[in-house]
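Inspection log for the structure reproduced underneath, given as structure tokens.
Residue numbers begin at 1 in each chain, while the letters A, B, ... track the order of the sequences.
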There are 2 protein chains.
Amino acid sequence: MTCVSATPNSPLSAGSQSLGAYLKSARSALGLSLRAVEERTGKAVTNGYLSQIESGTVTQPSPNMLYHLAQAYDLDYGDLLVRAGHRVPHSDDTAQRGILAGFPMHALEELTEGERGELLDYIAFLRSKRPSSRGR
Amino acid sequence: MTCVSATPNSPLSAGSQSLGAYLKSARSALGLSLRAVEERTGKAVTNGYLSQIESGTVTQPSPNMLYHLAQAYDLDYGDLLVRAGHRVPHSDDTAQRGILAGFPMHALEELTEGERGELLDYIAFLRSKRPSSRGR
DNA sequence: AAGCGCTGCTTAGGATGCTAAGCACACTCC
DNA sequence: GGAGTGTGCTTAGCATCCTAAGCAGCGCTT
């Protein structure tokens, strides 16, 4: 047991901790070993790799990895994303219309995904049909 | 309507578009060149790399890349994340972000009045092509 | 024709995520 | 002592992302 750090660091209050330090605190708080976490994530995060993350050898794990860790530690996934330096979609506003006020949006809403794809292609087709402008 | 059989010519037409095909449609609808997009993203996404994404050579671009593309095309960032196979924070309630989330409104804004008319006709055409029931 | 600029596309190579395997140390239990 | 198990940690190597540089083709201008 080489390290068992002494600092009782509550992972929830960590302000500017690096991702690795934060995850290490979290694991320590839960009293889990590296391999226990590997087990918890269903082998999605191997113990060696987790060690790399905690030590800072790996600085930006993929969202998928972070998700599994969030699950294993019961942490907030979005928070982990931010700590890893990923952008998080701010999923709020749905309404800025503007020029399109006249356009019947519900017509679009009724389309299926595939139909919307076709529509995009048709828009491209309309543009390609225009007199001379090549791409703009 | 002019029509000219735009449907069969569609390179992707239907179903669940791959990320690449979707991004290609979006770019095409906006009438942007690969290098124009590179410019728009402030060189964050190079033209060659974008080509790789569209062609499927690169299947899972980083969230950061997707963010820049979402900005450039005025698409929903979260939607792109999902299409790229990344997990999205609040995705417990799966499908119900804005239905129009994936649609590039800019593409509509740039159309002329007449073209918008044709587009509406085409939407009507799409709907008429369906197997009648409107529930879905 | 020659040159220019734009188009999409390819490719070598560096950087990084990520895995599988193994190391050294510490604690048992026979 | 020796075997077995658990700990954190390291490392070779592969896969993938991503960049920089370049390719050929097309249309336009002189």
Side-chain angles (χ1 to χ4, degrees), chain A residues 1-7 18-21 23-69 72-73 80-81 83-87 121 124 127-128 130-136, chain B residues 11-12 18-21 23-69 72-73 80-81 83-87:
Chain A
M1 48 123 89
T2 34
C3 67
V4 187
S5 74
T7 358
S18 72
L19 174 73
L23 286 176
K24 188 159 190 167
S25 295
R27 180 171 66 87
S28 181
L30 289 171
L32 295 170
S33 72
L34 292 176
R35 281 172 182 80
V37 174
E38 169 172 341
E39 205 56 40
R40 262 195 194 207
T41 62
K43 309 276 191 186
V45 181
T46 63
N47 74 84
Y49 186 49
L50 179 54
S51 176
Q52 288 182 30
I53 295 175
E54 291 184 354
S55 70
T57 304
V58 167
T59 63
Q60 195 169 61
S62 73
N64 196 41
M65 289 289 150
L66 295 173
Y67 175 78
H68 285 294
L69 290 177
Y73 296 156
L80 283 191
L81 280 178
R83 286 176 191 269
H86 292 299
R87 304 226 191 215
D121 291 334
R127 298 187 58 101
S128 73
R130 300 223 262 237
S132 63
S133 72
R134 196 185 48 179
R136 220 260 299 242
Chain B
L12 14 101
S18 72
L19 175 74
L23 286 176
K24 187 160 191 164
S25 293
R27 180 172 66 87
S28 185
L30 288 170
L32 295 170
S33 73
L34 292 175
R35 281 171 182 82
V37 174
E38 170 172 341
E39 205 57 39
R40 262 194 192 208
T41 61
K43 308 276 190 188
V45 181
T46 62
N47 74 84
Y49 187 49
L50 180 53
S51 176
Q52 289 181 30
I53 296 175
E54 291 183 355
S55 71
T57 304
V58 167
T59 61
Q60 196 171 62
S62 73
N64 196 41
M65 290 288 148
L66 295 173
Y67 174 78
H68 285 295
L69 289 177
Y73 296 159
L80 283 192
L81 280 178
R83 285 177 194 267
H86 293 299
R87 306 236 188 201

**Asked** Can you check whether A:Lys24's main-chain N or O pairs, donor with acceptor, with A:Ser28's side chain at less than 3.5 Å?
**Response** no
**Asked** Is the shortest heavy-atom distance from the side chain of A:Thr41 to the side chain of A:Leu50 under 4.5 Å?
**Response** no
**Prompt:** Could you give the CG-to-C1' distance, from A:Leu50 to C:dG17, as a whole number of Å?
**Reply:** 14 Å
**Asked** Is there a side-chain contact between A:Arg27 and A:Glu54 (heavy atoms, below 4.5 Å)?
**Response** yes
**Request:** Look at the side-chain N and O atoms of A:Ser62 and state whether any lies under 4.0 Å from the OP1 or OP2 oxygen of C:dC18.
**Result:** yes
**Prompt:** Do A:Val37 and A:Tyr73 pass the side-chain contact (heavy atoms from CB on, under 4.5 Å) test, and can you show the C-alpha distance, the side-chain angles, and the key distance before you say yes or no?
**Reply:** CA-CA 8 Å; A:Val37 174; A:Tyr73 296 156; 3.4 Å; yes
**Request:** With heavy atoms under 4.0 Å as the rule, sort A:Ser51 into base, sugar-phosphate or nothing.
**Result:** base
**Message:** Between C1' on D:dG6 and CZ on A:Arg27, what's the gap in Å once rounded to a whole number?
**Reply:** 13 Å
**Asked** A:Ile53 has an atom CD1; how far is it from atom C1' of C:dG17, in whole Å?
**Response** 9 Å
**Prompt:** Whole Å only: how far is the CG atom of A:Asn47 from the C1' atom of C:dA20?
**Reply:** 10 Å
**Prompt:** Can you check whether A:Asn47's main-chain N or O pairs, donor with acceptor, with A:Ser51's side chain at less than 3.5 Å?
**Reply:** no
**Message:** When you measure from the side-chain N and O atoms of A:Ser33 to the phosphate of D:dG6, is any distance below 4.0 Å, counting only OP1 and OP2?
**Reply:** no
**Message:** Of the listed nucleotides (D:dT19, D:dC9, D:dC17), which one gets closest to any side-chain atom of B:Met65?
**Reply:** D:dT19
**Request:** Quickly work out the B:His68 NE2 to D:dC17 P distance and round it to whole Å.
**Result:** 17 Å
**Message:** So A:Gln52, base contact, sugar-phosphate only, or nothing? Heavy-atom distance under 4.0 Å.
**Reply:** base
**Fill in**
5'-most contact on DNA chain D (nearest-nucleotide basis), A:Leu32 vs B:Gly48, goes to A:Leu32
**Prompt:** Touch check for B:Ser55, heavy atoms < 4.0 angstrom, all strands: base, sugar-phosphate only, or nothing?
**Reply:** nothing
**Asked** Closest nucleotide of DNA chain C for A:Thr46 versus for B:Glu54: which of these residues is on the 5' side?
**Response** B:Glu54
**Request:** Report the distance from atom OH of A:Tyr49 to atom C1' of D:dG13, rounded to the nearest whole Å.
**Result:** 15 Å
**Request:** Identify, residue by residue, the members of residues 35-44 of chain A with a heavy atom below 4.0 Å from DNA chain D, and return them in order of residue number, or none.
**Result:** A:Arg35
**Message:** I'd like to check A:Leu19 versus A:Gln60 (side-chain heavy atoms, cut-off strictly below 4.5 Å). Are they in contact?
**Reply:** no
**Prompt:** Rounded to whole angstrom units, what separation is found between the CD atom of B:Gln60 and the P atom of D:dT16?
**Reply:** 10 Å
**Item:** Selected nucleotide, minimal atom distance to B:Pro61 side chain, candidates D:dC18, D:dC9, C:dG17
**Value:** D:dC18
**Message:** Contact between B:Pro61 and B:Val45 at the side-chain level, heavy atoms closer than 4.5 Å - yes or no?
**Reply:** no
**Asked** Over how many whole Å does the gap from B:Asn64 atom CG to C:dG17 atom P extend?
**Response** 13 Å
